[in-house]
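Below is one structure, written out as structure tokens, with a few remarks after it.
Each ligand, and each atom within it, is numbered from 1 in the order the structure gives.
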Amino acid sequence: MRKILYLLFIPLLMTGCKEVKNHTTDYVSPAPEFCVDSAYAYMENQCAFGPRIMNSAAHDSCGEYIAQKFKGFGLTIYDQYADSKLYDGTPIKMRNIIASFNPEAAERILISGHWDSRQWADNDPEEANHNTPVLAANDGASSIGVMIEIARQLQLQADSNKVQIGVDFICWDAEDSGESGSANESSWCLGSQYWSGIRHVDGYTARYGINLDMVGGRNTVFYREQYSMAYAPAVVDKVWGAAHRIGYGKYFSYEDKGGAITDDHLQVNRGGIPCIDVIGSDKEKGGFPSTWHTIYDTMENIDKAVLKAVGQTMLEVIFTEQK
Ligand code: AHN
Ligand code: ZN
């Protein structure tokens, strides 16, 4: 008997996740529990490769890791390999990784985030670090870690709770090599610019998109970003509404403190799919998180509570999306 009980507990011990929901309201969500320890481990694994800078072995190996994780959870992988150039003319090889759940479904939603790391910690307080690559735990690995855990949850569900719509996870490359502090907007988001012109599947479209950026840092709050409000206000309402419904309202603020941010969601919008940016801001100072483009963007500065709020909110949105 003791042995049987022990075996029963193994799955819980392995994931470190609760199975019981614990909400402050009596709303019962159809979504499964987002396992933040899993998302965190997927981030650690990405960071263990080192900075994921285009044309590096760490980058290419991590791309393989990301694709294999999604594939292992039963998703269909589409790769977009392309040549591009940084604003200073450096040639780069980039890879957008698209992982599709229910690839045959006509009704789809898109969730995205960038997986590359910035080459230069040029916002670091120490000038000596400005040419050091960013490890990009928050500004890179966080979105991908959350997306892989969502994919795991999608495939884990029994048929009675399976999501019927299609979900596409797009991991953008070459988002973060832009020209700092310049008006050169097109130097950012090279992977999504490429996709906006040439889709991974001919004629691809989606109901809407949600781009995740810096979703795991300490002291993070999410404000309603201004391009998102202009292009896709209903999607902002949907996501912020979902967060407040399940008890994560303190992370998804309705205060009008969001900036207008050049990010991958802009390219999705320009490609005709309404898309928002869920991008972390510093809770005290506003603006980008304090570790942004510094050598301190490491796993020690990740807050699991923030990751959990974002991951659970995303699952809430997906599992309440009508077929
Ligand atoms: C600009 O600084 C113009 N955009 C920032 C987008 C970004 C960089 N997100 C993460 N890293
Ligand atoms: Zn960045």
re atom 4 (N) of ligand 1, the protein heavy-atom contact at minimum distance is T262 O, 3.1 Å

Apart from I273 itself, members of its ILVMFWY cluster (side-chain separation under 4.5 Å) are Y78, I98, L110, I170, W172, W195, V201, Y204, V268

Nearest non-hydrogen contact to atom 11 (N) of ligand 1 from the set D263, D176, N138 belongs to D176

Protein N/O/S atoms closer than 2.8 Å to the Zn ion (ligand 2), ordered by chain and number, come to D139 OD2, D176 OD1, D176 OD2, H293 NE2

Checking heavy atoms under 4.0 Å, the part of E185 that sits near ligand 1 is neither

- Message: One thing to verify: whether D173 and R52 come together as a salt bridge, which I'm taking to mean a side-chain N less than 4.0 angstrom from a carboxylate O.
- Response: no

The protein heavy atom nearest to atom 2 (O) of ligand 1 is W188 CZ2, 3.7 Å

Indicate every side-chain donor-acceptor pair of residues 252-263 with a distance under 3.5 Å to a residue at least two apart or in another chain.
{"unit_1": "S253", "atom_1": "OG", "unit_2": "E255", "atom_2": "N", "d": "2.9"}
{"unit_1": "E255", "atom_1": "OE2", "unit_2": "K257", "atom_2": "NZ", "d": "3.2"}
{"unit_1": "D256", "atom_1": "OD1", "unit_2": "R224", "atom_2": "NH2", "d": "3.0"}

Exactly one of T220, V215, L212, D213 clears side-chain contact (heavy atoms from CB on, under 4.5 Å) with I279, and that residue is D213

Q.
With a 3.5 Å distance limit and no angle check, can you tell me whether Q312 reaches the backbone of F34 through a side-chain donor-acceptor pair?
A. yes

Excluding Y231, membership of its hydrophobic cluster (Ile, Leu, Val, Met, Phe, Trp, Tyr; side-chain heavy atoms within less than 4.5 Å) reads Y227, L266

Atoms of ligand 1 under 4.0 Å from any heavy atom of D213, numbered from 1 in the order shown, are 7 (C), 9 (N), 10 (C)

If you scan protein heavy atoms around atom 7 (C) of ligand 1, the nearest is E175 OE2, 3.0 Å

In ligand 1, the atoms that come under 4.0 Å of a heavy atom of D139 are 10 (C), 11 (N)

Would you confirm whether K308, through its side chain, and V36, through its main-chain N or O, come within 3.5 Å as a donor-acceptor pair? no

In this structure, CD1 of I165 is separated from CG of L154 (nearest 0.5 Å) by 9.0 Å

- Run the contact test for R118 against ligand 1 with a 4.0 Å cut-off on heavy atoms, strictly below, and give the result. no

Can you tell whether the side chains of E316 and R245 come within less than 4.0 Å, N to carboxylate O? yes

